[in-house]
Amino acid sequence: MPNHLHSPGASPRELEVLKLGVLFDKHFFNGVPTKVHFIPDSTMVGTWVDEQGGANLNIGLDRIQFMNSDQLAFLVAHEYGHLVLKHPAKTLEIQKQYGISSTLDEFMLPFDAKRDYSKLMRDMELQADLFGTKLVMGLGRDPVSGSSFLLGETKSMQHPEGTLRVAKIKSSQDSLVAEDFSKTLSDLGIQLGDAEVFAALAPNGQARFGANDTTVKAMVEEQPSHATHEGYAGQALYGFEVSVMLTVAILACAAPWWWRKTSVG
Ligand SMILES: [Zn+2]
């Protein structure tokens, strides 16, 4: 696979993903950053834990290319559901239990084992959907419209049919309590929707993620039907880098005001 370099700086969609990441990292992981890897020419989205125990989120850029804000919010919230609910570790456990180390192994399972294994995997997806629903409700977004991109997805070994998932999201919406982000948002001093601030601050040289996928463990995949083996040509921006950018933005806005205030008279 050619080593694609995509344009310097992050697109508005990438920035929105990163911003949601900062918010969720602060809310669920005491601000410990989840590494976000944007992967060109890929529709794959998923979460995994590296050998140091760090949380990672892969976002195939083709997957988010045409997504609106509601959909991006649901996608990222669903993925954080996998991370918060420790699904990468559970996936490893289940795969070990069923002796699975490749996609081929999954298909080679005897009928009963395949059915049981698939149920365990699909249940995790539904759990992440409900978790994501509570999150996007807390962000004032619509989970049904947000999850609409699932509608075209067919059933797979790991995933229930998209229409079923959206139907469950819709029917659970009224009984779920929206996640309360008010304190986290005030701690961060930001409101969602200021992607422009980040766009203005997008760094020209982002840290590149090494072409090393041997550390990928227990990937919770979003699109197994397209889960071809893809090398890493993605770029990584860490949550704390976004936090630093945000702090710089706040200071940059506050400094002229402070200067005017103190220099008057
Ligand atoms: Zn998922």
Side-chain angles (χ1 to χ4, degrees), residues 13 16-17 20-21 24-25 27-29 34-39 42-50 54-65 67 70-95 98 100 103 106 117-139 141 143-173 176 179 216-228 230 234:
R13 280 184 191 82
E16 210 160 326
V17 169
L20 287 163
F24 295 154
D25 286 335
H27 194 73
F28 294 109
F29 303 128
T34 296
K35 289 171 214 155
V36 182
H37 310 285
F38 293 108
I39 305 177
S42 172
T43 56
M44 190 178 71
V45 171
T47 51
W48 50 285
V49 172
D50 57 37
N56 289 261
L57 170 60
N58 283 6
I59 303 276
L61 288 173
D62 287 350
R63 184 80 164 132
I64 61 168
Q65 197 178 358
M67 281 192 176
D70 276 352
Q71 292 173 325
L72 278 178
F74 185 85
L75 179 82
V76 178
H78 169 99
E79 293 306 320
Y80 267 79
H82 284 312
L83 291 172
V84 175
L85 300 171
K86 303 195 184 316
H87 286 173
K90 282 180 187 162
T91 301
L92 259 188
E93 222 170 85
I94 294 166
Q95 289 181 335
Y98 284 84
I100 288 165
T103 315
E106 286 183 344
Y117 167 78
S118 190
K119 185 177 183 326
L120 291 169
M121 301 301 277
R122 288 175 189 160
D123 280 351
M124 285 195 286
E125 289 308 317
L126 296 174
Q127 288 162 19
D129 279 346
L130 291 190
F131 190 94
T133 300
K134 287 160 62 167
L135 262 54
V136 297
M137 282 165 64
L139 299 174
R141 303 281 176 80
V144 175
S145 127
S147 59
S148 57
F149 65 89
L150 296 172
L151 286 170
E153 292 192 1
T154 52
K155 187 157 70 174
S156 72
M157 192 79 95
Q158 276 109 0
H159 293 75
E161 201 166 1
T163 46
L164 176 79
R165 291 174 67 183
V166 178
K168 279 189 182 288
I169 289 161
K170 193 171 164 52
S171 68
S172 62
Q173 205 180 347
L176 290 173
E179 189 76 18
V216 176
K217 301 286 183 201
M219 178 84 180
V220 180
E221 285 170 341
E222 274 315 286
Q223 285 226 317
S225 55
H226 296 106
T228 50
E230 288 169 310

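Everything numeric here is computed off the predicted structure, so don't read it as measured data. Sequence positions, counted from 1, serve as the residue numbers for this chain. One-based numbering, in listed order, for ligands and for the atoms of each.
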With a 4.5 Å limit on heavy-atom distance, are the side chains of Glu179 and Phe131 in contact? no
Check this for me: does any side-chain nitrogen of one of Glu153 and Arg63 sit under 4.0 Å from a carboxylate oxygen of the other? yes
Return the orientation label for the His37 and Trp48 ring planes: parallel under 30°, perpendicular over 60°, tilted otherwise. parallel
For the Zn ion (ligand 1), does an N/O/S atom of Glu79 lie at less than 2.8 Å? no
Parallel, tilted or perpendicular: rings of His78 and His82 (30°, 60°): perpendicular
When you measure from the Zn ion (ligand 1) to the N, O or S atoms of His159, does any of those distances fall below 2.8 Å? no
Which atom of Glu125 approaches the Zn ion (ligand 1) most closely (N/O/S): OE1
Of all the atoms in His87, is at least one N, O or S atom closer to the Zn ion (ligand 1) than 2.8 Å? no
For the residue pair Val49 and Pro88, what are the closest heavy atoms and their distance? CG2-CB, 3.9 Å
Taking the Zn ion (ligand 1) as the vertex, how big is the angle to NE2 in His82 and NE2 in His78, rounded to 10°? 90°
